[in-house]
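First the structure, in the form of structure tokens, and then the observations on it.
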Amino acid sequence: EFGRDDDADGGPLRSRMDRADRNRAIRTRVRHSMRALREVIEHKDTAKAETELRSTIRVLDKAVTLGVLHRNNASRHISRLSRQVAQLRA
């Protein structure tokens with residue numbers, strides 16, 4: 001059939017491309033969220049950092065649910081960022 005590129009490993013080419021686009025968008029959202037939190041931490045704004053941390057955790061958890069990140073990877077990021085926010089409070 002014309003227009004189909006079925007591979008045993010990934011299915012039709014279009015499906016793989018759509019999935020790759022979706023995963024790329026999710027990874028970008030994760031990176032931007034973490035970058036925004038690090039900038040807030042750098043400016044030592046505790047209240048905004050706590051709000052941004054909750055938002056970043058939500059984005060990381062969503063990426064895990066969608067299968068874009070491994071749960072241990074997300075957990076490691078959450079742990080490190082949480083520790084940095086806690087140091088601001090101290």
Side-chain angles (χ1 to χ4, degrees):
E1 177 178 321
F2 181 74
R4 291 182 62 96
D5 181 20
D6 286 322
D7 284 347
D9 61 338
L13 178 62
R14 178 162 305 240
S15 297
R16 287 179 298 173
M17 291 174 69
D18 290 344
R19 203 162 34 247
D21 289 343
R22 188 199 72 174
N23 291 345
R24 189 175 304 112
I26 293 167
R27 276 196 306 271
T28 300
R29 195 174 309 130
V30 167
R31 278 197 309 269
H32 287 182
S33 182
M34 289 196 305
R35 186 178 305 135
L37 175 57
R38 287 192 190 107
E39 287 176 4
V40 171
I41 290 170
E42 208 172 285
H43 293 305
K44 303 197 186 307
D45 186 348
T46 307
K48 189 158 170 52
E50 289 174 355
T51 306
E52 197 68 39
L53 176 64
R54 280 194 296 275
S55 172
T56 301
I57 290 172
R58 204 170 300 124
V59 169
L60 283 163
D61 284 340
K62 184 73 169 175
V64 170
T65 302
L66 294 172
V68 178
L69 288 181
H70 191 277
R71 64 176 187 240
N72 292 353
N73 184 310
S75 182
R76 183 177 66 244
H77 285 299
I78 290 170
S79 175
R80 289 175 181 175
L81 292 169
S82 297
R83 193 171 56 221
Q84 290 175 5
V85 171
Q87 285 176 348
L88 278 183
R89 284 187 227 124

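Keep in mind it's a predicted model, so treat the numbers as computed, not measured. Atoms considered below: every heavy atom in the structure, side chains included; atoms not considered: hydrogens, waters and symmetry mates.
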### Task
Output the distance between atom CZ (Arg58) and atom CD1 (Ile78), rounded to the nearest 0.5 Å.
11.5 Å
#### Entry: Shortest non-hydrogen contact between Ala49 and Leu88, atoms and distance
CB-CD1, 3.8 Å
Using residues 50-57 as the side-chain source, report each donor-acceptor pair under 3.5 Å to any protein atom, sequence neighbours left out, with the distance given to one decimal.
from, atom 1, to, atom 2, distance (Å)
Glu50, OE2, Arg89, NE, 2.5
Thr51, OG1, Ala47, O, 3.1
Thr56, OG1, Ser33, O, 3.4
Thr56, OG1, Ser33, OG, 2.9
Thr56, OG1, Glu52, O, 2.9

### Task
Check whether any side-chain N or O of Ser79 sits under 3.5 Å from a backbone N or O of Ser75 as a donor-acceptor pair, and report yes or no.
no
### Query
Same cluster or not: are Val30 and Ile41 linked, directly or through other Ile, Leu, Val, Met, Phe, Trp or Tyr residues, by side-chain heavy atoms under 4.5 angstrom apart?
yes
### Query
Tell me, do Ile26 and Leu69 make a side-chain contact under 4.5 Å, heavy atoms counted?
no
### Shortest non-hydrogen contact from Arg22 toward Val68
NH2-CG2, 4.4 Å
### From NZ (Lys48) to CD (Glu39), nearest 0.5 Å
10.0 Å
### Query
Is Val59 linked to Val40 within one hydrophobic cluster, defined over Ile, Leu, Val, Met, Phe, Trp and Tyr using a side-chain heavy-atom separation of less than 4.5 Å?
no
### Message
Tell me every residue that passes salt bridge (Lys or Arg N to Asp or Glu O under 4.0 Å) with Arg24, counting only those two or more places apart in sequence or in another chain.
### Response
Asp21
### Query
side chain to side chain donor-acceptor pair (under 3.5 Å) with Asn73: which of Arg71, His77, His70?
His77
### Summary
Taken in chain and number order and not counting sequence neighbours, the residues that satisfy side-chain contact (heavy atoms from CB on, under 4.5 Å) with Asp18 are Arg14
